[in-house]
Structure formats: C-alpha cells, structure tokens
Amino acid sequence: MRNRQPLSLHVPEPRFRPGEEADFGYLNIPPAGAARRPEVDTPASEMRDMCDGLVRVLDESGETVGPWRQEIDPQVLLKALRAMVTTRAYDERMLRAQRQGKSSFYMKSTGEEAVAVAAALALERDDMLFPTYRQQGLLIARDWPLVDMMCQVYSNTRDRLKGRQMPVFYSSREANFFSISGNLATQFSQAVGWAMASAIKGDDRIAAGWIGEGATAEADFHHGMTFAAVYRAPAVLNIVNNQWAISTTQAIAGGEQATFAARAIGYGVAGLRVDGNDFFAVYAATRWAAARARGNYGPTLIELFTYRADAHSTSDDPSRYRPKGEWERWPLGDPIERLKTHLVRRGLWSDEDHAKLMEEAQTTVRAAQQEAEKFGTLQSDTRLNPATMFDDVFREMPPHLQRQKREAGF
Amino acid sequence: MRNRQPLSLHVPEPRFRPGEEADFGYLNIPPAGAARRPEVDTPASEMRDMCDGLVRVLDESGETVGPWRQEIDPQVLLKALRAMVTTRAYDERMLRAQRQGKSSFYMKSTGEEAVAVAAALALERDDMLFPTYRQQGLLIARDWPLVDMMCQVYSNTRDRLKGRQMPVFYSSREANFFSISGNLATQFSQAVGWAMASAIKGDDRIAAGWIGEGATAEADFHHGMTFAAVYRAPAVLNIVNNQWAISTTQAIAGGEQATFAARAIGYGVAGLRVDGNDFFAVYAATRWAAARARGNYGPTLIELFTYRADAHSTSDDPSRYRPKGEWERWPLGDPIERLKTHLVRRGLWSDEDHAKLMEEAQTTVRAAQQEAEKFGTLQSDTRLNPATMFDDVFREMPPHLQRQKREAGF
Amino acid sequence: MAAMTMIQGINAALHEAMGKDGDVVVFGEDVGYFGGVFRCTEGLQRKFGRHRVFDAPIAEGGIVAAAVGMGVYGLRPVVEIQFADYIYPATDQLISEAARLRYRSGGEFTSPMTVRAPYGGGIFGGQTHSQSPEAIFTHVCGLKTVIPSNPYDAKGLLLSAIEDDDPVIFLEPKRLYNGPFDGNFDAPATPWTDHPDSDVPDKTYRIPLGQARIVRPGAAVTVLVYGTMVHVAQAAAAAQGIDCEVVDLRTLLPLDLDTIVASVRKTGRCVIAHEATRTCGFGAELAALVQEHCFYHLEAPIERVTGWDTPYPHIFEREYFPGPERLGAALRRAVEGA
Amino acid sequence: MAAMTMIQGINAALHEAMGKDGDVVVFGEDVGYFGGVFRCTEGLQRKFGRHRVFDAPIAEGGIVAAAVGMGVYGLRPVVEIQFADYIYPATDQLISEAARLRYRSGGEFTSPMTVRAPYGGGIFGGQTHSQSPEAIFTHVCGLKTVIPSNPYDAKGLLLSAIEDDDPVIFLEPKRLYNGPFDGNFDAPATPWTDHPDSDVPDKTYRIPLGQARIVRPGAAVTVLVYGTMVHVAQAAAAAQGIDCEVVDLRTLLPLDLDTIVASVRKTGRCVIAHEATRTCGFGAELAALVQEHCFYHLEAPIERVTGWDTPYPHIFEREYFPGPERLGAALRRAVEGA
Ligand SMILES: Cc1ncc(C[n+]2csc(CCOP(=O)(O)OP(=O)(O)O)c2C)c(N)n1
Ligand SMILES: Cc1ncc(C[n+]2csc(CCOP(=O)(O)OP(=O)(O)O)c2C)c(N)n1
Ligand SMILES: [Mg+2]
Ligand SMILES: [Mg+2]
C-alpha cells in the first residue's frame, strides 16, 4: 500500500477577517418553537438531537412560541429587563472608568446579558454559582449592590477582596457566587465537586457552572463532565459560546466539527443547545436543567449560542482580527431588544418606559459610582493598607510570613 | 419552590464482587455482522450510531459475516495467530520469571492479544505507534526480537533503556513504537501531535495511539480528541475497554452512562465500537480508520470492547475485588480460540497444527529467554554500569551533572 | 496502645477523622471497595459507606478540583493520589486554586483539603513510582507540606492535616509503609513492631503542624531530614560514631526554623539530606535559611546529600539513593571542615 | 543593526529560526493571525503560512503534548504559553514527558521544544498575570530554563533555545517587553532605544545557553540576578554608590557556576534577587551553591531579596516588587556585614 497521497493539516479559520463583510447566512438557525421539549427525566441517550437543534422561544416578532414557552410572571420579566439594562449600563460605565484610569482593567458582557440574567432568575437564590468573568449579570440579577462590585473594580478601600484580585474577578459568599479565577475553566470541575458535596449531604441545593467555548478545551471541562456523569452530580453546566476566545475562532475549540452542546453526548449527559440571546429560551432551559438536577436525574450541559459584541477586555482590540459590525449582523439579535419587543407587544412595556428605564439605569449606575468613588479608585492616594497583603495566605500567619511582614516594614 | 427532595450521590459499582457469580447476560451483544459499514469518508455526524453498536465479524461458529468481513490473506491470518499465541506464551513466561525474582515487575495482556496484533497487522510498518503497557502484541506482531524485549524486562546489560525504566515500558524507534510512559494517557495526545506533524510535512505516515478506558478520564484524552478533531489529525485513536482499571470498574470512568466510543460524537470525530476479541473486527476497523486518516478525512476513535483476563500487574490481586472466573464467562470469548476456530473451520488449520504452534511458541520463548538471560537478570551480579545513570538527562552532560557524577564516584 | 505499621497508623487516623467529623470524605483511585493499592483506606468504605468513601476516575486534576468544590461547600475532603509521581496533572488545581482561594476571595472561600500521596524510592518503582516532589509544593504559597517518618507521627500529623483549614500536601514515605528503612539495602527488612515509634495510641492525639522533632540529640553536627532519611541519618550517625543532632522536620511548610537555628548555633555544622533531586530541592531552602540565620556560628560549609539530578533509575536505586555511606561521608566532611 | 524592543528581538529570532529551518513550527493561543497578545509572533503566519504558525485550543497541556509528539516526529516546535501563570496545566507533559523522554528511551526519542512564556509582574496583572514559576522548572531534571534581560540577549538566547535538542523553558520578563524597568514605579517609562542592549544585529547570532554575563563589574559585593531584576540591581547599585558586581545569569539551568563562584570569591559577599516567592525560589539554590563553593571566602551572610511568599497582589505591586530600595538595603547589609 505505497504511493499514498500526501497528508495536509487542516487549520480552521473564521469565515471573515477585517476588511471583509460578515455574513452569517451560513449558520442554519432553526425557527423559534421548532425544538421539542423532552421530560426532565428523559435519559440522555434519548435526547441527543437536542444538542444539534437550538432551543428558541422568542420569534422575530417578539412572540413566545413552541414547547419551551412557559408563563413567566410579568414582574419577573420586568426585573429581567431591568437587570439586563443595568448590566449593560454598568459595563459602559466601568469601561469609561477604566479609560479614565480609575481601574486597571475591565471586561464587558455586552450582548450576553441574557445568558447570566435569565440563569440567575431561573435558579434559586441558594443555588451555588461558579461563573466566569463574563457573568456579572448574575450578581446584578441577584440584586447584589453595584457599589460593592465597583469597589472591587476600583480596588479601593471597600474592596472586600482587599485589592488582591484584578478588576471583575468578583467573589461573594453571601450571594452564593464563587470567587472568579484568572485561570480559565477551573471553576467548571469545582462546580461539579460542590454539587457532589450537596448530594453527599442530602442537601437540596444545586450548583451551576459557566465556561467559555474556548475554555472547553481545558482539562477541567473534561474532568467536570466526567465526574458529573459518573456521580450524576446535580449541576447545571453552561458553555457560553460567544464565537470568540480573544482573537481565536470557536472553530479552534472544536466548534467546526460539532456543536459544543454535543460534548454532552459522549459523556451520556443531557445536552441542550440554546439561543443565548433569547431570555425565554435561556430561562426555560435553565429551569429544565435545574428540575432535572433536583430530581436526582443528573447534570445537564447547556450550550448558550451567543456573540461577544465587544472587545474581549480593555486590553484587546478586535478590529485586528474580525470585521467591524459583525455584532450588528448577528442573526440572533440583541437580548435586551428582543425582550423589550416582547413586552411592548404584550402591552406590558412601551418605548417611553424603556427610555425611562435606560435613564434610571444610568442614574443608578452613576449614583453607585459616586458612592463607590468615595472609597477611592485605582488613582486615589487613600489606599488599602499594604500590611494586609500578608493576610489570608493561610488561616493563621505562619512564622516565615510574620518575618517577611516585619521585613516589609509592617 | 421549597420542600424539595433531598439529593443523593450516585456511586457506580461493578455488578459482581468476590463471592458472587458473574453473569454478563445484562450486556446486550449484537450478533456478528449486524453493524453497518460506512464509507471511509462518511462525515462523523452521519455515523454516530456506530458508537453504540458493536463491529463484529466472527460469529459463534467461527464464520466471518457482515459488511465488515474482508478477505485477509491466509498467511496474514496464520501470522496473526502465531503472534497472539506467542504473545500469550511470552506473558506467561515473563510472569514466571518475575515470580522467580528475575524481574521486579510484569504486566500481562492475556485476553487482549487481538487488540494489539490485529492493529499491528492492519497498519503499515512505518506508521507510528503510541501504546500503553498492555500492547506488547504490537512489538511481537512487528517481529521485534523477544530477546530485546526480555532484556528490558530483566533490566540486564543488553537493555537498550539502560535499566532506567520499569519492566514492560518498552521503547523502539526502529519499530516505530513510542517509549511507554508510566504516566497514564500522556501518549494519547502526543500521538495526535505526531500525526499533526506528519500532516504539516505532507508525509503519508499516520499515528496510532492507545489508552485504557480508565485513563480516558485524564486530561490527555480530552486534549488528544480536541486537537485531533480541530486539525483533522491523521490518527487512529484506540480506547481499550477491558472493563477494569486495577480494582476500579469501567463505570467509574463513565462507562455506565455511555459507551467509550460515544466520546467521539461530542468532538465530531468518527467513532467505532468494536469487539476487541474478534481479530477480524479489530483488523477491519483499524483498516477503515487508517484509510480514513490517509485520505485526509481525519481521525477515528475506536473503542475495543474486551476483558482484562488476568491481574492488572504482578503487584495486583484481582480476587480482592472481582469474582473468580469472570473471564471464563466473558461473552466475547478468547481471541486466540476464536481465530483458531475460524481457521480450522476453513481447513487452514487443525488442532494438531495448533498444539504444534503452542509448542513452538513455548520453545521460541524459552530459547529467547535463555538468550536474554545470558545478559543477566535483575538478580545477576553483572549489571549495567551505574555511571550511565547520569547520561541522557540532556544531550550533553551539563557541569552540575558532571560534578554529581564525580561525587558518585564515577 | 498497639504496635502499628505506617499504613495502619494512617488508616487509624482516617477512621478517627471520619468517625469524628461527618464532613470528612475520602476518595481517590482504588480507595473504595479495594482499600487503596497500599491498603491505607482499607475498611473505610465498609464502615462509612459509599457516599463518603469512593473510587474516583483516573484524573488527578479532577480529583483535586472536586475536592476544592467540596471544600467550598463545607466538606473536608481527604484525597489520595496513588503515587506522588502522578500529582502533576493536579498542579493547576493545587497551585492556582486550592492554594490561592482563601487569599483571592479575601478569606470568604477556603480549601480545607488534605492530599495524601506515597512518595520516594527504594521499591524498584522506576522513575514514575519513586519521585519526591515536595519542593514544588513548598515553593507555592498557600500550601502546607507534611512528611511523617514513623507510624506514631503519621497518625498524629494526618489528624492535624485533616483538621487544618488550609490545603495540606501529605507525603507518605512508601519505603517506610511496612517497616523502617535505614538505607542499608542488604540488611533484612525489619518490621515496625521493633521500633518505639510504632506504638500508636488508640485514643485521638494530634501532632501540631510546624513542629520539628529532635530524634537524636547531639553536639557535633546538625542533620536536617524528613521521611525516609530520618532513619538513614540515624544509621549514618551510628555507623560514623559521630554525635549528630538529627532533626526530623515533620512539617516542611510551615517550617520549625527555631528548632533548626537553635541546633545549628549549638553544633556549628549542618548536613541536609533528602531523596529528591538536588537542584532547587527543599535542601536548597534549608541551606539558604541556615546560612542566613546561623552564618556567624557556622564552622563548615552546609552539606547537601540528595538524590542525583536525574530521573530515579529503576535498576540503580542503590546508587541513586542517598544512603548511609554518602551521608556518612558528608558528616565526616562537616565535622572535619575548618 | 537596529534598535529593537524585547518583543522585536524575540520576533526577529522567531523569523530567523523559521526561515532557516523548515521543521520549526510555532503555535499557541492567539499566536496565528493575531500575532500573540503581546505581538511576539506578529507576521509569522503571513510569512510562513498557517501550517507552520497557528492558533491552538486553550489547553496548555494539549499544546505541550502536541509539541512532544511533533518533536518525536522530527519537528522543532516553539510554543507560546500566553502567561507563565497558565503553564501549570502543562506541568505533567513538561515534567513527566518532555523532560524525561530522552532519558527513559535511552536516547532514542527526544523533545527539542521551546516553551515561551511571559512572566513577572509590574503590569497590574494581579496574581494570575504576574507569576515567576522558574524554580518549579529548575527543580526538574531534563529541562533547561532561560531568562533574557534585554533585546540583544532575547534574540541570541531564543535562537540557541530553539536549536537546542532538549526542552527549554524560555521565560520572557513582560515588564521589559517595551522598555527597561529598574523598579522605580514613579520614573517615566523609558524606551529600549536609549539602552545599549537594544542594538540587535540583523544577522544571526547565538548566545550559548549556560553562560552568565557580568553586566557591571565590581569589587564590593556580587549581585546574582536575571530578567527584570538585572535592571533593578544596576539601579540599586547606582543609588547606593556601592561597587557591585552584577551578574546576569541569563540561563538558570544549566547554571554558569564558574562565573558566580569566581565573582563571590573575589567580593566575599553575595546578594541574590528575584521576583518569585522566596521559599524554595531559585535564590535558595543560588545561596546553597554559593555557600558550598565559597564558604571560606564569605564575609557576610548571603542575602535574598525576593517577592514575598504571598500571591502577587494586584494593588500592592510596588510593595510586593523587590525594588531598588529593598535591594539597596540588602546591599548595605551585605557590605557592612562582619
Ligand atoms: C489557563 C488559562 N489559559 C489562558 C488564559 C488567557 N485567556 C484569558 S481569556 C482567554 C479566552 C477565553 O475565551 P472563552 O473561553 O471563549 O471565554 P470568553 O472570553 O469568550 O467569554 C484566554 C486565552 C487564561 N486566563 N487561563
Ligand atoms: C497519571 C497516572 N495516574 C495513576 C496511575 C496509576 N495506575 C497505573 S495503571 C492504572 C489503571 C489503568 O487502567 P486502564 O486505563 O483501564 O488501563 P488497563 O490497566 O486496564 O489496561 C492506574 C490507576 C498512573 N500510572 N498514572
Ligand atoms: Mg468565547
Ligand atoms: Mg482498563
């Protein structure tokens, strides 16, 4: 079997690069309402098709349609809209603050607000969240004080993390929001460990974890999926597929060969592929997965199909690697606009209300900012006490750190 | 949504423990010939069913049946039988040698001979193999000298690995057989790197990697699958599911929720689930995967469904964790017996021939052993020169190692 | 009071910890029904059930990650890494997560886990069943590292490690599991029963982390050791007839510097021994500290007797192992120096 | 001859290596079309094509594993770990595989890879964009560790690293990428152009691994440094008006011990500085070696000036960074000692 053809390496590329016109026509987006809704106790092996489809509830006209449609209390919908609008306003404001030198760094979640807000509202307040740096909407939807978040971003004297973490790596035990790590993916398998612990103790709280599509390539994703599958951990595991990992296309993470939801199939875990810009879809899918977990039927892997509308972070310049205006062309639209359209259509909301809400959000954020800046910003002279730098390495400070603290002059 | 039921942790257990009677009736084993045979360029998404079925060619009567049936030159079949019988005889002999204190350790592949021998014969001699410690059959089928293998097991003066590696961690560049690592799974992703390199250079050689079902839980499995899928690496990736990982059931690796072949689905990689005790099935599946890889259609994940007939290693005592006689009850039988039955049925072989072959294998192995022992065993006084201990850490020995070598008195 | 092997001492500590605290869980590869490849978890699953003692997938990184999550929930996981050589897949979860969690969360979240792993050579394990990776972890702020040298300490230190609210790497000298080993490969194996430190009280007792133990008082030279080398040091001292002060560190981090400094200031000489490779081994830190704190008392260079900077070679264990001869020569150099 | 930044020097080395040897391939996170988050691989994909320069999945362990396999095939992979803080997921493939392969295969298989990673603090990166993990790798036999301190060395050392047949960890002080930094946070940033070592010849040249460089000869005290600290040491010497002999190690392993010993025997005093945490940092090995080889010449304790044994705190970089003041105080202690 000689004279064989030469092999060649396949290197995936994004469809469009700067200078080109983005056209997402190639994506086949099933219509809203098309996806079936299995019972929450359906064996994973009998719902593999859910990994290739797309759970969508809100159609183009703002109607909620299909089996995943469910009645949601208008108060919850309005709370959701407010949380998403506030999240966007917060992001805008904090980006500006970073540009003004008030913080060293910032990361926005623009376009992905529904991913976090819908999940927060679909889960119970005492369920434990293991997020990435792009789910600030979880905290905001849980009514966590913006001032507290801003104090972390500013690393000021009220930063509960004592100036140790880069901006946006929030942590709040009170909000059941796990400390965000700078190391990608690690929280994903930890979430499964937490869920296992809850099951071991016969508790009824479940865990939810998030991971970016790019980070699914890390070991922790595999470990989280394996442990969740083997021990049927009560966990809702979310992959946020926003198409990009800094400059790298989702295809380099394996998105070209299969959906990210399909990863679930290999582990025998229930998988759902969901329109991440559709509040109703994310809410319904999260509810479904939470019910499955609480019923002891095991974990669910949810791919949230969305788009990173803005730069990866303040250190990034997307115009170097992707066309401008991709976001405007994104076929699944803007999660805030879509929820708004629905509410207006139902007569629960109006353009005036919306303008007012945006105005209020601005005011809230600005007020919080003023309050937070009372405790300083990155630029302030009044800073946290550097002596605290030696605390919390261990529960009690061991002798060598006491020596070093003295050596440092504290 | 309060008064929720308490959660509980699911901890998989093997069906049978010592004292119980093993009964594999619960396994549904499709009949030979039942599995379809897709074209080698079939998109992975169109052959997911292959991950749940079982490619089987040899039926109970020793007939080869179904679409995976292919003509194999009788000379190849006889070579295969000889290689498998020799492998088993070699294992027996080396186990005895270890018991006699001639080596520190040994690992048998009893019951899994077809997995290695069929693959070796289905691949080209210049394809690169990245095995685990349980594919000694690869070397034997490639006619690698038993004496050389034994010298490694004995760590004697002819051990090309200079006494550095534990027994059975063979390595042979000449045989395109990669250095076996004591760290599980690492070779799996390395095999994919080798395959990528071959593709980068426009070469036509492919890589084959093996991993135990237990080790699939390691990061390297995920990395290997991800890289193979993304870059369509020309690699044949084998999971040897022999049901056990030392004392741990395959269910703890995730085998309860899905087949191991199904892992392929999540990555969008072609997957095949194969009767690992069926020489014809393993051969045909490996051929199929190799053709797919050579055609630049990408990698294939093959689950070889088999059973670890003997102890994990000479340090292990399976009677502590599984019933005696499981192997006798294993529904897929003994790979050697099954190939023999086929050959006899075709009139290519007879019980006499077989008795003679077993006799010859014994003789060959015994002769090789005598030859190998000329160069010593673990117990011998004539040993490799300890001064060589400092070689090969780096290409050239750096000053600090030269100092240490002197310090050691060399 | 019962004469126990190291394995039994460890097993006893695990039984006590699980009996006392329902939040202690044990998992790892083959630790459940089978009781661990070295039998350290024997009987735990039978006694405490599969929900608290279970086999884990072969994924050290996943095992430690799960333990981090469980710790956040409020459990006290005790995980086993089958061999210290296989701890590397878990380094990211150990270094970036377990060790950093308390700090980065301002004290809100912690990781009270114990990671047990057999380490060290001398059992023909070759380079992947013989390593001593302690120095990698002692370099990581936020981790404690403990290494017992006998059954009594093993039980007392393991109980302290499990009850400690910070992550502890607990390395068990596998060469000592079934009997003391002084580095003399030709001597017949001796059981623990003949050794005083094999008397392990049934009652609960703890040995605080961070306290060294002077196992042999002496005036001529201070010998800093831990784990297997504690026994080698005593043999070397006896063989050389040198009045060594042998200090068993027991905890590498936090280190009992006071005991070390007091001893070296008294003897004026110091020899350090460990099985790990030399360059950047823990002996380097000890040497640096001793000369920083005892410079004006030192009468000879501090000696390091260690494993060579090569992988642990299967067939050359004897030549690789820092045995009594090499240690003895260093002791002579130290006492004769200056 | 052109004035280059460190980034340009590294980029130039990569261009030359790829141009000269068709077996050199470059991959890592965001290194392809984008050219790397620090732009070190800028232009490589355009010049050499997607088959030789490409983005990798976010899996450091997979990246190094693929590089091992490629090395076995016969390629010379140069991989980028986006930040040294993210190298931990790759430790098993680095320690158990790349470092051991030549040894365990009796020299049959090797791993000629170069692993590039920006390291060190000073850019408000917090604990996960500021680490200096060199000591973890210098402890591992089979790995070489190289750290340049200027554009000229960066190019010459990187070329040697790529052509080296053993695995090399190549750590790039990110704080120096765009200009020298002497630890004075208030001083205006200075560009490389004003620095003599920014003159980078267009022609190929190599700086052999294992050779230190005396960047400032002196008689009063030997200062052992590498990377960013080379500049801090010179600033401290100037500020203190102490006649320091500043040795830029450039390669940590293999170490140029001869140069170190000769210098300390001359000065009788030694100060070591690095940004990494102190305990078991590379400074510990240097202190141990210096006292072993220069004991009778030492007139004062060897000083270590390092990052504290805490994670790198985002807001307290200045207090954490071993700057000229702390180094200066140590220099004074060293010269006044005894
Ligand atoms: C272990 C690790 N490797 C690399 C990085 C650097 N890094 C930070 S964010 C990022 C991209 C992540 O992309 P994705 O997972 O898709 O999440 P997204 O930013 O799109 O929300 C990378 C590579 C890191 N933080 N941690
Ligand atoms: C990284 C790592 N972890 C753990 C071990 C210890 N160990 C050696 S073999 C083995 C079981 C492997 O089972 P499997 O992968 O199914 O292969 P099999 O032995 O059944 O062929 C274990 C846990 C190891 N060698 N490497
Ligand atoms: Mg992304
Ligand atoms: Mg197995």
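Just so you know, these numbers come straight off a predicted model, no measurement behind them. Sequence lines set the chain letters: A, B, ... in the order given, protein chains first and strands last, and positions in each chain run from 1.
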Select one option (side chain, backbone, both, neither) describing which atoms of [X] are under 4.5 Å from chain D's heavy atoms.
X: B:Phe177; result: backbone
X: B:Asp159; result: neither
X: B:Ile180; result: backbone
X: B:Met166; result: neither
X: B:Thr186; result: both

Quick check on [X] against chain B: is it the side chain, the backbone, both or neither that has a heavy atom closer than 4.5 Å?
X: D:Glu108; result: both
X: D:Ala67; result: neither
X: D:Ile63; result: both
X: D:Asp256; result: neither

Looking at every non-hydrogen atom in both residues, tell me the closest pair between [X] and [Y] and how far apart they are.
X: D:Phe109; Y: B:Ser171; result: CE1-OG, 3.2 Å
X: D:Val72; Y: B:Arg173; result: O-NH2, 3.6 Å
X: D:Ser96; Y: B:Asn183; result: OG-ND2, 3.2 Å
X: B:Tyr231; Y: D:Pro57; result: OH-CD, 3.3 Å
X: D:Ala59; Y: B:His223; result: CB-CD2, 3.5 Å
X: D:Asp166; Y: B:Val393; result: OD1-O, 4.4 Å

B:Phe394/D:Leu143 under side-chain contact (heavy atoms from CB on, under 4.5 Å): CA gap, chis, key distance, verdict:
CA-CA 8 Å; B:Phe394 296 99; D:Leu143 295 179; 5.7 Å; no
With side chain to side chain donor-acceptor pair (under 3.5 Å) as the test, pick out the partner of D:Glu97 among B:Ser181, B:Ser179, B:Ser189.
B:Ser181
Interface residue of largest heavy-atom contact number with chain D, from [options], under 4.5 Å:
options: B:Ala199, B:Gly182, B:Ser198, B:Gly163; value: B:Ser198
options: B:Met128, B:Lys201, B:Arg160, B:His222; value: B:Lys201
options: B:Thr388, B:Leu401, B:Asp391; value: B:Asp391

Test item: B:Arg164 side-chain N/O and D:Tyr103 main-chain N/O as donor-acceptor pair under 3.5 Å
yes
CZ of B:Arg403 to CG of D:Leu289: how many Å apart, nearest 0.5 Å?
7.0 Å
Looking at chain B, which one of [options] has the largest number of heavy-atom pairs inside 4.5 Å, strictly under?
options: D:Ala65, D:Ala56, D:Pro77; answer: D:Ala65
options: D:Asp164, D:Val64, D:Leu253; answer: D:Leu253
options: D:His51, D:Gln93, D:Arg52, D:Arg100; answer: D:Gln93

Heavy-atom side-chain proximity of [X] to [Y] below 4.5 angstrom:
X: B:Met196; Y: D:Tyr73; value: no
X: B:Trp194; Y: D:Val68; value: no
X: D:Leu101; Y: B:Phe178; value: yes

Lys/Arg-Asp/Glu bridge criterion (N-O < 4.0 Å) met for B:Asp392, D:Arg104:
no
Salt bridge check: are B:Arg395 and D:Asp165 linked by an N-O gap of less than 4.0 Å?
yes
